[in-house]
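Counting starts at 1 for both ligands and their atoms, in listed order. Computed over heavy atoms, backbone and side chain alike; hydrogens, waters and symmetry mates excluded. We number each residue from 1, following the sequence as shown.
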Amino acid sequence: MAKLESKVPNGPLAEKWSKHKNDIRLINPANKRNIDIIVIGTGLAGASASASLAELGYNVKTFCYQDSPRRAHSIAAQGGVNAAKNYQGDGDSVYRLFYDTIKGGDYRSREANVHRLAEVSTNIIDQCVAQGVPFAREYGGLLDNRSFGGVQVSRTFYAKGQTGQQLLLGAYSAMNRQIQRGKIKSYTRHEMLDLVLIDGKARGIIARNLVTGELERHSAHAVVLATGGYGNVFYLSTYCMGANVMAAWRAHRRGARFANPCFTQIHPTCIPVSGDHQSKLTLMSESLRNDGRIWVPKKLEDAKAIREGKLKPTDLAEEDRDYYLERRYPAFGNLVPRDVASRAAKERCDAGFGINKTGEAVYLDFDSAIMRYGREKANTMGLKDADDKKVRALGEEIVEAKYGNLFQMYEKIVNENPYKTPMKIYPAVHYAMGGLWVDYNLMTSIPGCYAAGEANFSDHGANRLGASALMQGLADGYFVLPYTIGDYLADDIQTGSISTDLPEFEAAEKEVKERLEKLMSGSGKHSVDFYHKKLGKIMWNKCGMSRNEQGLKEAIKEIAELREDFYKNVRIPGELNAMNSELEKAHRVADFLELGELFAVDALNRNESCGGHFREEYQTEEGEALRDDENYRYVAAWEYTGVPSEAKLHKEELVYENIELKTRSYK
Ligand SMILES: Cc1cc2nc3c(=O)[nH]c(=O)nc-3n(C[C@H](O)[C@H](O)[C@H](O)COP(=O)(O)OP(=O)(O)OC[C@H]3O[C@@H](n4cnc5c(N)ncnc54)[C@H](O)[C@@H]3O)c2cc1C
């Protein structure tokens with residue numbers, strides 16, 4: 001098994017990537033035609049990688065479990081994508097994006113990767129504009145920007161509240177061109193169930209055709225996993241229902257290290273949980289924090305009256321409202337990073353100020369923005385004497401133009417008009433910063449197995465700043481992998497195609513078959529969802545927004561017991577060798593039941609608080625995260641040894657040569 005070597009090139013930080021591109025090996029076009037690459041996943045990372053690799057001349061096979069590549073979870077991204085273009089002239093630069101990202105991640109990411117990300121961010125916008133992605137534009141025709149949390153510049157490019165969808169249409173079109181040319185073979189409704197290694201190298205996969213239930217073998221010279229994040233281990237999250245960890249977990253079981261699994265992002269602005277029947281949570285985009293102000297009542301009795309329906313938020317005078325983010329963090333106000341905003345909401349709700357029936361919600365209020373925009377508009381229209389009613393109507397029009405689809409979505413779900421009454425929001429699981437450990441070339445610890453996008457442990461450290469996941473997925477797929485993968489594949493120009501009749505394929509297929517049969521043989525007492533919900537409850541209560549030693553120890557034990565019970569008693573109707581969506585779900589939940597345990601082990605190991613990982617034992621007097629740079633300035637990369645709780649820890653020490661380690665403050 002390969003050692004944990006980050007392979008960060010030598011030289012000054014700002015020159016590392018250019019130097020690396022000049023140093024690594026190339027493959028000539030004729031040889032590329034003899035090389036096969038499997039890409040699992042067609043979200044932004046997978047689609048951009050497949051399109052670029054096929055354009056370069058490689059033979060690409062893509063896989064996704066949806067019925068179309070363009071249904072990947074990336075399509076849900078609302079707010080935007082960051083790039084250091086400095087179109088606003090507000091002081092942005094590659095260095096500032098690099099700095100904000102390292103600080104945002106609470107100094108738990110690799111400097112060289114983050115700098116490369118900031119460098120190529122500008123190319124992403126050019127590439128997507130060339131593809132026809134309809135980014136929002138200002139009146140003069142230039143691309144518009146807005147601000148996201150944790151930064152003091154406007155660098156987020158957006159397409160209304162549908163940025164992910166528009167970017168994915170761009171990447172999907174590029175992919176489609178290659179499908180048409182025959183350079184990409186697209187396998188939809190196919191799920192990768194295992195990775196096949198030959199002589200220690202990733203050489204193929206076992207996939208299940210989800211329509212027929214048949215198992216298939218596919219070979220290649222390299223395998224790219226762009227399979228998204230694992231936040232659904234919490235059951236309730238803002239992810240699409242199908243998002244899962246299977247591909248990454250199967251690679252982990254085959255030897256790939258799994259890094260920082262406990263670094264999970266909780267997003268502060270989601271529609272609150274309404275009851276036990278729920279299977280999905282909905283995000284209200286961070287872009288709303290540009291204009292929305294977050295508050296709870298100042299007095300406990302007002303909060304109680306609101307909860308009991310005796311008082312309306314609009315009845316509360318300005319002086320009776322606590323805009324707690326503006327109060328606690330004057331420099332960043334409502335735009336503090338997500339972990340900070342989420343914890344602050346929890347703190348207020350735990351103290352009894354929550355404003356919905358469950359006591360777990362705060363307000364996101366657009367009234368000030370509506371009046372501010374309305375007044376500006378009235379002035380530009382020459383309506384100096386416009387009354388409040390007119391101003392409000394003008395302001396609502398502007399807010400609708402900016403966030404209309406999000407407001408509509410909120411009204412449909414909650415049945416309240418957010419133009420007239422503040423939105424209710426609460427934090428929810430949203431993004432996985434942890435994932436497969438990769439080196440600078442995005443290769444996992446299995447030679448020939450790469451991970452891109454949210455599936456890798458990525459560039460975001462302990463907390464992802466908003467609008468940085470799309471940036472990273474597209475950077476990986478369009479601008480990093482197409483270079484770095486060639487360096488590895490240069491050894492394969494004479495290998496020839498890999499046979500799927502090799503014993504390694506046979507053995508892997510047999511293992512998968514036995515696993516599926518084991519799942520089907522449960523006593524039938526409880527549904528798959530029963531177990532998934534139980535797991536989610538353990539995760540949320542003991543490994544969620546805040547964690548402590550005792551809770552984590554309990555979680556490890558409870559998850560192991562739940563897993564045992566799952567295999568004994570799960571109910572999977574239908575047949576093994578046919579379309580069977582319960583079997584699909586069961587297989588995904590089986591892997592969540594292992595990942596959850598490792599997650600808790602990782603959180604227990606990290607005796608510090610940083611970014612999205614908040615250990616109650618490690619906080620300042622003011623309740624802020626307390627890092628321990630001396631002992632925990634490392635990436636925790638876990639090696640599978642048979643049982644998740646017995647995984648072996650490998651540490652990649654993080655070296656900060658270009659940035660000073662500071663206490664992270666947004667005050
Ligand atoms: C509601 C919401 C809004 C967001 N808004 C933003 C935003 O505004 N800006 C931002 O930067 N980020 C945002 N994010 C985060 C961002 O959308 C994701 O991190 C990103 O899109 C992930 O892209 P990806 O390509 O890595 O994976 P995904 O888009 O999740 O794609 C995963 C792909 O892998 C396939 N797959 C998975 N497992 C298997 C398997 N075993 N076999 C075969 N195929 C498999 C799936 O079919 C799919 O094609 C948001 C996230 C959510 C939930």
Side-chain angles (χ1 to χ4, degrees), residues 38-50 62-83 124 146 148 156-159 161-168 171-172 186-195 205-208 210 218 224-232 237-240 242-251 265 267 269-271 280-287 338 406 409 428-433 435 451-456 458 460 464-477 584 587-588 591:
I38 285 175
V39 180
I40 313 291
T42 58
L44 283 172
S48 55
S50 315
T62 63
F63 293 80
C64 68
Y65 59 74
Q66 290 94 345
D67 55 359
S68 158
R70 60 153 295 196
R71 284 194 194 276
H73 164 66
S74 289
I75 206 161
Q78 302 171 348
V81 52
N82 286 335
I124 294 171
R146 53 191 176 198
F148 263 52
T156 305
F157 293 77
Y158 65 101
Q162 310 175 339
T163 314
Q165 170 156 210
Q166 299 304 332
L167 291 170
L168 192 58
Y172 174 60
S186 162
Y187 293 84
T188 58
R189 301 292 282 129
H190 275 68
E191 186 155 34
M192 168 188 158
L193 302 193
D194 219 335
L195 184 71
I205 61 159
I206 305 296
R208 184 163 180 270
L210 299 180
H218 295 271
V224 177
L225 303 180
T227 45
Y230 53 78
N232 278 350
S237 81
T238 64
Y239 284 78
C240 68
N244 68 86
V245 74
M246 192 188 303
W249 194 255
R250 292 290 134 193
Q265 183 171 81
H267 197 300
T269 58
C270 304
I271 299 181
K280 170 90 185 73
L281 293 176
T282 306
L283 173 75
M284 286 289 104
S285 167
E286 175 150 316
S287 58
R338 294 174 179 181
L406 301 170
M409 191 159 77
V429 172
H430 180 66
Y431 182 87
M433 279 82 74
E454 195 173 335
N456 71 28
S458 81
H460 310 297
R464 179 180 78 91
L465 291 180
S468 56
L470 302 186
M471 171 173 70
Q472 184 229 332
L474 292 173
D476 288 357
E584 285 168 35
H587 208 175
R588 294 169 191 165
D591 284 347

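When ring centroids are compared, Tyr65 and His190 stay outside the 6.0 Å threshold. You'll find the ring centres of Tyr187 and His218 inside the 6.0 Å limit.
For the salt bridge (charged side-chain N to carboxylate O under 4.0 Å, His left out) test, residues two or more places apart in sequence or in another chain that qualify with Arg338 are Glu286.
Annotation for Gly43 and Ala72: closest pair CA-CB, 3.4 Å, computed over non-hydrogen atoms.
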What are the polar N/O contacts of ligand 1 with the protein below 3.5 Å, with distances?
{"unit_1": "ligand 1", "atom_1": "5 (N)", "unit_2": "Gln78", "atom_2": "N", "d": "3.2"}
{"unit_1": "ligand 1", "atom_1": "8 (O)", "unit_2": "Gly79", "atom_2": "N", "d": "2.7"}
{"unit_1": "ligand 1", "atom_1": "8 (O)", "unit_2": "Gly80", "atom_2": "N", "d": "3.0"}
{"unit_1": "ligand 1", "atom_1": "9 (N)", "unit_2": "Gly80", "atom_2": "O", "d": "2.8"}
{"unit_1": "ligand 1", "atom_1": "11 (O)", "unit_2": "Ser468", "atom_2": "N", "d": "3.4"}
{"unit_1": "ligand 1", "atom_1": "11 (O)", "unit_2": "Ala469", "atom_2": "N", "d": "3.1"}
{"unit_1": "ligand 1", "atom_1": "11 (O)", "unit_2": "Leu470", "atom_2": "N", "d": "2.8"}
{"unit_1": "ligand 1", "atom_1": "12 (N)", "unit_2": "Arg464", "atom_2": "NH1", "d": "3.4"}
{"unit_1": "ligand 1", "atom_1": "19 (O)", "unit_2": "Glu454", "atom_2": "OE1", "d": "2.6"}
{"unit_1": "ligand 1", "atom_1": "21 (O)", "unit_2": "Ser74", "atom_2": "OG", "d": "2.8"}
{"unit_1": "ligand 1", "atom_1": "23 (O)", "unit_2": "Ser74", "atom_2": "OG", "d": "3.0"}
{"unit_1": "ligand 1", "atom_1": "25 (O)", "unit_2": "Leu44", "atom_2": "N", "d": "3.1"}
{"unit_1": "ligand 1", "atom_1": "25 (O)", "unit_2": "Ala45", "atom_2": "N", "d": "2.9"}
{"unit_1": "ligand 1", "atom_1": "26 (O)", "unit_2": "Glu454", "atom_2": "N", "d": "2.9"}
{"unit_1": "ligand 1", "atom_1": "29 (O)", "unit_2": "Ser74", "atom_2": "N", "d": "2.8"}
{"unit_1": "ligand 1", "atom_1": "29 (O)", "unit_2": "Ser74", "atom_2": "OG", "d": "2.5"}
{"unit_1": "ligand 1", "atom_1": "34 (O)", "unit_2": "Ala226", "atom_2": "O", "d": "3.4"}
{"unit_1": "ligand 1", "atom_1": "41 (N)", "unit_2": "Met192", "atom_2": "O", "d": "3.1"}
{"unit_1": "ligand 1", "atom_1": "42 (N)", "unit_2": "Met192", "atom_2": "N", "d": "2.8"}
{"unit_1": "ligand 1", "atom_1": "47 (O)", "unit_2": "Tyr65", "atom_2": "N", "d": "3.1"}
{"unit_1": "ligand 1", "atom_1": "47 (O)", "unit_2": "Gln66", "atom_2": "OE1", "d": "2.4"}
{"unit_1": "ligand 1", "atom_1": "49 (O)", "unit_2": "Thr42", "atom_2": "N", "d": "2.9"}
{"unit_1": "ligand 1", "atom_1": "49 (O)", "unit_2": "Thr42", "atom_2": "OG1", "d": "3.1"}

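More than 12 non-hydrogen atoms from other residues, nucleotides or ligands lie less than 6.0 angstrom from CZ of Arg189.
A side-chain donor-acceptor contact under 3.5 Å links Thr156 and Asn82.
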